[in-house]
Structure formats: C-alpha cells, structure tokens
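Lettering of chains follows the sequences in order, A, B, ..., and the numbering in each one begins at 1.
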Amino acid sequence: MHHEQPTSVAEAERIQEQLKQRLDLDTHLGTNPTLVAGVDVSYDKFSPRITAAAVVIDVTTREEVESAVVHGEVSFPYVPGLLAFREVPILLEALGTLGCRPEVVVCDGYGIAHPRRFGLACHLGVVTERPTFGVAKTPFVGTYDQPGRRRGDWSPLCDGDEVLGRVLRTQTDVKPVFVSAGHRTNLDEATSLTLDLSPRYRLPEVIRRADFLSREALRRSED
DNA sequence: GCGACAG
DNA sequence: ATCTTGTCGC
C-alpha cells in the first residue's frame with residue numbers, strides 16, 4: 001500500500017484539499033458493526049523510528065480478533081492540522097497487514113473537527129475507502145460546554161453554528177473525549193460505538209490496545 | 001502582531 | 001508523541 005509523500009507543508013495542504021473532495025459524510029454504517037479496528041502510532045524520542053498497531057475486536061463478544069504491528073520511520077514533521085501526513089503511511093501498512101476487513105476504523109485524533117475539516121480520521125477513511133471516525137483526548141478546534149458528569153453525557157463541539165463533533169463522557173466523573181466523524185460514519189454512530197467500546201476506561205478498548213501494542217513493540221525493538 | 005495548536 | 005514518582009482514591 002503506497003501513499004503520496006509531500007515534501008513541504010504547501011504540498012501537503014494541496015494534497016489534503018484534493019483528498020477532501022472525496023470525503024463522504026452522507027453515507028453511514030446504518031447497522032451495528034461487528035468487526036471494529038483501532039489504530040495508533042508510537043514515536044521514538046531520539047530517532048525517527050515509529051511503530052504502528054492495528055487491533056481488531058468483535059464488538060458482539062468484545063474479543064480481540066486480530067492485531068498487526070509495523071515498524072517504520074517518520075516521513076513528515078508534526079504540524080498541527082497535518083498530522084495525517086505523519087501517521088497515515090504507516091497506518092496503511094498496519095491495516096494492510098491485517099487478514100480481515102474491519103467495518104469501521106477508530107482513529108486516535110480528529111475527523112472533521114479540524115481547521116480545514118479534514119483530520120486524520122477523514123484522511124485515513126478516504127484513502128482506505130473505509131468508514132472511520134476519530135476519538136481525541138485533548139481539545140483542538142471548536143468551542144464547547146462541559147458535558148454532564150455521567151457516562152454517556154455529551155455536549156456539542158461547535159464552531160459558530162457548525163457542529164464539528166461531540167465532547168463525550170465515556171466514564172462518570174472522568175475527563176471527556178472528543179468524538180468526530182471521519183468518513184462514511186455520522187456522529188450518532190461514532191458516539192454510540194465509542195461508548196460500546198469504552199465499558200471500563202476513558203478510551204475505546206481498541207485504541208488502548210493499539211496504544212499498548214505499538215508502544216511495547218517500539219520499546220522492544222530498541223537496540 | 002502574538003500565541004495556541006490532534007499526535 | 002515523549003520525558004517522569006509519587007500519590008490520592010475506589
């Protein structure tokens with residue numbers, strides 16, 4: 001699986017605009033998915049080495065079905081708003097290594113709640129032509145009121161009249177997460193699935209596992 | 001103009 | 001993202 005590698009911020013912004021034209025926010029899952037994947041990337045502090053992990057679980061049984069780990073190197077600097085160019089290449093490799101086809105991919109970051117309405121989840125969704133959405137841990141763009149304190153409570157993440165996502169409480173009295181649609185999913189599905197995937201902790205189980213997997217694999221690969 | 005800014 | 005110990009609470 002290959003992907004365009006921009007060599008400048010200006011070039012990345014052009015590619016981003018091109019990909020955005022393929023974004024589909026009208027279609028949605030329509031039915032409860034069975035196979036759900038979560039992806040994440042870990043970075044080495046002193047080298048360009050990175051490791052990506054993709055974890056697939058069966059939502060009905062909550063059992064892990066499969067996982068994949070891939071090692072690589074960063075090919076683009078971190079620029080707020082252009083995170084996808086840093087992570088999508090290796091995420092494609094990780095997803096391509098899986099033997100199954102997850103019905104939706106949960107990303108560690110934002111979807112359309114992005115400066116130009118095309119965050120990591122949108123980018124990965126368009127490139128893979130798969131349904132995706134994002135679950136972020138910290139605020140990025142948009143304004144919001146603090147949601148209620150109970151699990152399931154949420155408040156809209158907005159920019160003026162535009163609704164960008166939801167600030168969702170996945171655990172009672174625990175800091176909320178920021179959910180936004182990526183590609184071929186809507187906010188209701190993303191919210192519902194995020195809650196289903198977070199029965200015990202703040203973050204969706206697939207994201208937690210992908211985080212642990214990538215972090216440990218990177219650490220173990222150090223010389 | 002200056003600072004802030006997913007991971 | 002990554003660097004990091006203890007500590008408070010269930």
Side-chain angles (χ1 to χ4, degrees), chain A residues 6 9 12-13 16 19-20 23 38-55 69-95 105-127 132-144 149-151 157-159 164-168 170-183 187 190 194 199-204 206-222:
Chain A
V9 166
E13 288 172 336
Q16 187 173 73
L19 292 173
K20 181 179 175 180
L23 185 61
V39 293
D40 191 31
V41 179
S42 287
Y43 297 76
D44 185 88
K45 186 190 177 186
F46 296 111
S47 82
R49 290 190 51 69
I50 56 178
T51 300
V55 174
V69 173
V70 174
H71 297 290
E73 296 194 343
V74 281
S75 55
F76 199 79
Y78 172 67
V79 178
L82 297 176
L83 174 67
F85 292 94
R86 215 170 144 73
E87 306 201 334
V88 165
I90 195 166
L91 289 180
L92 289 178
E93 287 188 44
L95 289 171
V105 178
V106 187
C107 301
D108 188 12
Y110 285 92
I112 63 171
H114 173 278
R116 292 174 295 281
R117 309 295 181 258
F118 198 74
L120 172 66
C122 299
H123 194 130
L124 186 65
V126 166
V127 170
T132 59
F133 67 86
V135 177
K137 302 180 288 296
T138 62
F140 186 28
V141 293
T143 59
Y144 60 93
R149 57 179 289 270
R150 301 198 317 168
R151 167 179 157 84
L157 176 62
C158 308
D159 183 359
L164 303 177
R166 286 176 186 169
V167 183
L168 174 68
T170 52
Q171 295 297 321
T172 298
D173 287 331
V174 168
K175 187 201 299 185
V177 296
F178 301 79
V179 179
S180 54
H183 185 57
L187 261 181
T194 295
R200 169 108 210 262
Y201 300 101
R202 178 163 90 117
L203 295 176
V206 284
I207 292 296
R208 300 184 72 241
R209 296 191 196 190
D211 178 68
F212 293 148
L213 245 190
S214 62
R215 192 191 309 280
E216 287 315 299
L218 174 62
R219 190 180 62 72
R220 288 181 49 205
S221 73
E222 291 171 344

Test side-chain contact (heavy atoms from CB on, under 4.5 Å) applied to A:Thr170 and A:Leu203, step by step: CA-CA 7 Å; A:Thr170 52; A:Leu203 295 176; over 6 Å; no
Would you mind listing every salt bridge (Lys or Arg N to Asp or Glu O under 4.0 Å) that reaches into residues 171-181 of chain A, with sequence neighbours excluded?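 Those involving residues 171-181 of chain A are A:Arg149-A:Asp173.
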Got a list of protein N/O to nucleotides 3-6 of chain C N/O distances below 3.5 Å?
none

With [X], which residues qualify under salt bridge (Lys or Arg N to Asp or Glu O under 4.0 Å), at least two apart?
X	answer
A:Arg215	A:Asp211
A:Glu13	none
A:Arg49	none

Counting a pair only when it is Watson-Crick or G-U and both distances are under 3.5 Å, which runs of at least 3 such pairs involve DNA chain C?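 So the stems come out as none.
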A:Arg219/A:Glu222 under salt bridge (Lys or Arg N to Asp or Glu O under 4.0 Å): CA gap, chis, key distance, verdict: CA-CA 5 Å; A:Arg219 190 180 62 72; A:Glu222 291 171 344; over 6 Å; no
Shortest non-hydrogen contact from [X] to [Y]?
X	Y	result
A:Gly38	A:Ile207	CA-CD1, 4.3 Å
A:Leu23	A:Gly182	CD1-O, 3.1 Å
A:Leu157	A:Ala113	CD2-CB, 3.8 Å

What do the steps show when you test A:Leu124 against A:Cys107 for side-chain contact (heavy atoms from CB on, under 4.5 Å), and what is the final call? CA-CA 9 Å; A:Leu124 186 65; A:Cys107 301; 3.7 Å; yes
Is it true that a side-chain atom of A:Thr172 and a backbone atom of A:Arg151 form a donor plus acceptor pair closer than 3.5 Å?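 Pair found, side chain donor or acceptor close to backbone of A:Arg151.
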Distance-only donor-acceptor hits, side chain of residues 75-91 of chain A, under 3.5 Å, sequence neighbours excluded:
unit_1: A:Ser75; atom_1: OG; unit_2: A:Gln5; atom_2: OE1; d: 2.9
unit_1: A:Arg86; atom_1: NH1; unit_2: A:Phe76; atom_2: O; d: 2.8
unit_1: A:Glu87; atom_1: OE2; unit_2: A:Tyr43; atom_2: OH; d: 2.7

Test A:Tyr201 against A:Gln171 for side-chain contact (heavy atoms from CB on, under 4.5 Å), laying out the working first. CA-CA 7 Å; A:Tyr201 300 101; A:Gln171 295 297 321; 5.6 Å; no
Please list, chain by chain and in numerical order, all residues satisfying side chain to side chain contact (heavy atoms under 4.5 Å, CB included) with A:Arg200, sequence neighbours excluded.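 Testing A:Arg200 for side chain to side chain contact (heavy atoms under 4.5 Å, CB included), a comparison that skips the adjacent residues, returns none.
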Show me the donor-acceptor pairs, under 3.5 Å and distance only, between side chains in residues 132-144 of chain A and residues at least two apart or in other chains.
unit_1: A:Thr132; atom_1: OG1; unit_2: A:Ala121; atom_2: O; d: 2.6
unit_1: A:Thr132; atom_1: OG1; unit_2: A:His183; atom_2: N; d: 3.2
unit_1: A:Lys137; atom_1: NZ; unit_2: A:Asp108; atom_2: OD1; d: 2.9
unit_1: A:Lys137; atom_1: NZ; unit_2: A:Asp108; atom_2: OD2; d: 3.3
unit_1: A:Thr143; atom_1: OG1; unit_2: A:Cys158; atom_2: O; d: 3.4

Rounded to the Å, how far apart are A:Phe85 CZ and C:dA1 P?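 A:Phe85 atom CZ is separated from C:dA1 atom P by 21 Å.
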Per-nucleotide protein contact along nucleotides 1-7 of chain B, 5' to 3', at a 4.0 Å heavy-atom cut-off (B base, S sugar-phosphate only, - neither), is ----SBB
Give each protein N/O atom lying under 3.5 Å from an N/O atom of nucleotides 7-10 of chain C, with the pair distance.
none

Which string of ( ) [ ] | and . matches DNA chain B, if you list each base 5' to 3' and count Watson-Crick or G-U pairs only when both distances are under 3.5 Å? .......
